[in-house]
Engineer: 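This is the structure I have questions about; it appears just below.
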2 protein chains.
Amino acid sequence: MSRRSDHSREEIREMALAAAETIASEQGYTGLSARKVASAIGYTVGTLYLVFDNLDDLILQVNGRTLDHLHAQMVKEQNQHQDARERLLQLGHTYIRFADEDPHRWEMIFEHHLPEDHETPKWFLEKVARMFLLVETGLEPLAKQHSPQEITQAARALWGGVHGICILAVTRKLDVVGVDSVQDLSQSLMDNYLRGFTGH
Amino acid sequence: MSRRSDHSREEIREMALAAAETIASEQGYTGLSARKVASAIGYTVGTLYLVFDNLDDLILQVNGRTLDHLHAQMVKEQNQHQDARERLLQLGHTYIRFADEDPHRWEMIFEHHLPEDHETPKWFLEKVARMFLLVETGLEPLAKQHSPQEITQAARALWGGVHGICILAVTRKLDVVGVDSVQDLSQSLMDNYLRGFTGH
DNA sequence: AAAATAATTGAACATCGTTCATAATGCAAG
DNA sequence: CTTGCATTATGAACGATGTTCAATTATTTT
């Protein structure tokens, strides 16, 4: 039964991305397959390849959406605070909470790798950079006495630091249990780093 | 040609681990397959399953060896210093240098996941804990005024932090190029954190 | 020399990503 | 209303994956 115009390309694309998101969220990166996505939206494998270059492309799109979602949430929750310091700390909080609430979806951003000869498309790198810029902007008002380069460096260190705690915790390599412990760890990292960086 | 006693179980095991290490190092986690390992040591797939439970088991063994190697290297290079602070900083240095020199082998430790119903064996978790203990022990002399819990917390934050910078750099999500920049970032993280933690 | 035991094989199975000739459908022209 | 064309979707096919296990071969024992 080959249908036509039941759904537009754009609709199929949207359905596939949503289905992939669900599957990845429930079964993790390794549980995601082209056939599963296809059957979840009532189409066959071949159709997916009319809409995406390949599975890597599809996953990259899903990850892009996840980054968008995360970014929006971070902006939103950051804006619930006035104090510059609390705004910055909130970024870490939101990041960790998302990773805890949807670990598979969050992990897929970092577990997925393109084949070595292909380089990550610019639109994706920009989404990553946009996220990092949030930290840099949040740090700025706290570091008026530092040069832009120093602030960039500090933002990288901070984001990397929070991310590292997060990933080691999610993959159970830090011997901590519960989100709260991870939040405490991240808080400790940011607290002490900021105290050192700004000199109180 | 089915041979017998050409190699003992233990020898085959050793050969397979060495071969897997090489393949993983050269082609990365996704380039590693049972058939490749088998043919690299002149046996067939079936033989591997007489020696390992499955591929996950094999990979776990390889990762265990990598952790051993990394741990030994960190201990060795740490002991080139007397000053407690430099000893601690050296740990981060060595960690990052190893990740840079053999990224595939290092990444595999963190990319590999057991199926969700299986939990990581204790012997592996102990190797991870042993690595973390190195940081904790290195931190101790610098934090005499802190409680053991605080030191443990700080060690987790520090290791997580360095690891995060490292993984984001290796997967090109930090927009930095060259090992030296990563070393600088890590150094900045530790410097400022320690300044905050110890109060100069 | 024959029988028992142990070691190794490799074909078989289900699943994977990917391709593409084929079939089915909707639409426009006659 | 039929015919033909262009579009859309299919699913069988290919090579690769992890894993199993009856069958085969080599060694040891009787």
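Residue numbers start from 1 in every chain, and the chains themselves are labelled A, B, ... in the order their sequence lines are given, proteins ahead of strands.
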Engineer: Between P on D/dA9 and CZ on A/Phe52, what's the gap in Å once rounded to a whole number?
Structural biologist: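 For the pair A/Phe52 CZ and D/dA9 P, the rounded distance is 14 Å.
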Engineer: Could you state the atom-to-atom distance from CG of A/Asp57 to P of C/dG17 in whole Å?
Structural biologist: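 The distance from CG of A/Asp57 to P of C/dG17 comes to 14 Å, rounded to the nearest Å.
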Engineer: Starting from P on C/dA6, measure out to CZ on B/Arg9 and report it in whole angstrom.
Structural biologist: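 Spelled out: CZ on B/Arg9 to P on C/dA6 is 11 Å.
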Engineer: Taking atom types as modelled, is there a side-chain donor on B/Asn192 or A/Arg195 under 3.5 Å from an acceptor on the other?
Structural biologist: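 Side-chain D/A pair, B/Asn192 to A/Arg195: absent.
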Engineer: Quick one: are B/Gln61 and B/Arg65 in side-chain contact, heavy atoms under 4.5 Å?
Structural biologist: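 No - every pair of side-chain heavy atoms lies 4.5 Å or more apart.
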Engineer: Would you say B/His104 and B/Glu26 make side-chain contact, with heavy atoms under 4.5 Å?
Structural biologist: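 No; the side chains remain at least 4.5 Å from each other.
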Engineer: Atom CZ of B/Arg13 to atom P of C/dA7: distance rounded to whole Å?
Structural biologist: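 Taking CZ of B/Arg13 and P of C/dA7, I get 16 Å after rounding.
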Engineer: Check whether any side-chain heavy atom of A/His163 lies under 4.5 Å from a side-chain heavy atom of B/Leu168, and answer yes or no.
Structural biologist: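 Yes - at least one pair of side-chain heavy atoms lies under 4.5 Å apart.
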Engineer: Based on the rotation axes of five pairs at each end, what angle does the helix from C/dA1-D/dT30 to C/dG30-D/dC1 bend through, to 10°?
Structural biologist: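 That helix gives 40° between its end axes.
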Engineer: Please tell me which of B/Leu50 and A/Leu55 maps to the more 5' nucleotide of DNA chain C, matching each residue to the nucleotide holding its nearest heavy atom.
Structural biologist: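 On the 5' side of the pair lies B/Leu50.
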Engineer: Output the residues of residues 106-114 of chain A in contact with DNA chain D, where contact means a heavy atom of the residue under 4.0 Å from an atom of the strand; sort by number or write none.
Structural biologist: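 Heavy-atom cutoff 4.0 Å gives no residues at all.
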Engineer: What is the distance, rounded to the nearest whole Å, between atom NE2 of A/His7 and atom C1' of C/dT25?
Structural biologist: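 My rounded result for the distance is 15 Å.
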Engineer: Verify the ring-centre separation between B/His69 and B/Trp106: is it less than 6.0 angstrom?
Structural biologist: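 Between B/Trp106 and B/His69, the centre distance exceeds or equals 6.0 Å.
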Engineer: Do A/Val179 and A/Glu101 make a side-chain contact, defined as non-hydrogen atoms from C-beta onward lying under 4.5 Å apart?
Structural biologist: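 Answer no - side chains too far apart.
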Engineer: Applying ring-ring contact (aromatic ring centres under 6.0 Å, His included), which residue pairs with at least one partner in residues 169-198 of chain B are found, sequence neighbours left out?
Structural biologist: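 For residues 169-198 of chain B, and leaving out neighbouring residues, the ring-ring contact (aromatic ring centres under 6.0 Å, His included) pairs sorted by first residue read B/His146-B/Phe197, B/Tyr193-B/Phe197.
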Engineer: Can you tell me how far P of C/dC16 sits from CG of A/Leu58, to the nearest Å?
Structural biologist: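 Rounded to the whole Å, the gap is 15 Å.
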Engineer: So, is A/Tyr49 close to the C/dT18 phosphate, meaning a side-chain N or O under 4.0 Å from OP1 or OP2?
Structural biologist: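 It does, given that an N or O in the side chain of A/Tyr49 lies less than 4.0 Å from OP1 or OP2 of C/dT18.
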Engineer: With a 6.0 Å cut-off (strictly less than), is the heavy-atom count around CD of B/Gln82, excluding the residue itself, greater than 12?
Structural biologist: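 For B/Gln82, atom CD is not crowded (no more than 12 foreign heavy atoms under 6.0 Å).
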Engineer: Identify the pairs formed between an N or O of the protein and an N or O of nucleotides 13-15 of chain D at a distance under 3.5 Å, and give each distance.
Structural biologist:
from   : atom 1 : to      : atom 2 : distance (Å)
D/dA13 : N6     : A/Arg35 : NH2    : 3.4

Engineer: Any chance the rings of B/His113 and A/Tyr29 have centres within less than 6.0 Å?
Structural biologist: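 Judged by ring-centre distance (under 6.0 Å), B/His113 and A/Tyr29 do not meet the cut-off.
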Engineer: Near DNA chain D, under 4.0 Å by heavy atom, which residues of residues 14-34 of chain A?
Structural biologist: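 When residues 14-34 of chain A is checked for heavy atoms under 4.0 Å from DNA chain D, there are no hits whatsoever.
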Engineer: Taking only side-chain N and O atoms of B/Thr47, does any of them lie within less than 4.0 angstrom of OP1 or OP2 on C/dA7?
Structural biologist: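 False: B/Thr47 side-chain N/O out of range (4.0 Å or more) of C/dA7 OP1/OP2.
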Engineer: Checking A/Gln78 against A/His93: is there a side-chain donor and acceptor pair closer than 3.5 Å?
Structural biologist: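 No, A/Gln78 and A/His93 have no side-chain donor paired with an acceptor closer than 3.5 Å.
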Engineer: Does anything in residues 155-184 of chain B pair up under salt bridge (charged side-chain N to carboxylate O under 4.0 Å, His left out), and if so which pairs, sequence neighbours excluded?
Structural biologist: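 Listed once each, the pairs would be none.
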Engineer: I want to verify a distance call: between C/dT18, D/dT10, C/dT9, whose nearest atom is closest to the A/Asn54 side chain?
Structural biologist: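 The closest nucleotide is C/dT18.
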Engineer: Would you kindly give the CD1-to-C1' distance between B/Ile12 and C/dA7, to the nearest whole Å?
Structural biologist: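 So the two atoms are 9 Å apart, to the nearest Å.
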Engineer: Parallel, tilted or perpendicular for A/Tyr95 and A/Trp159, by the 30°/60° rule?
Structural biologist: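 Perpendicular, since the angle between the ring planes exceeds 60°.
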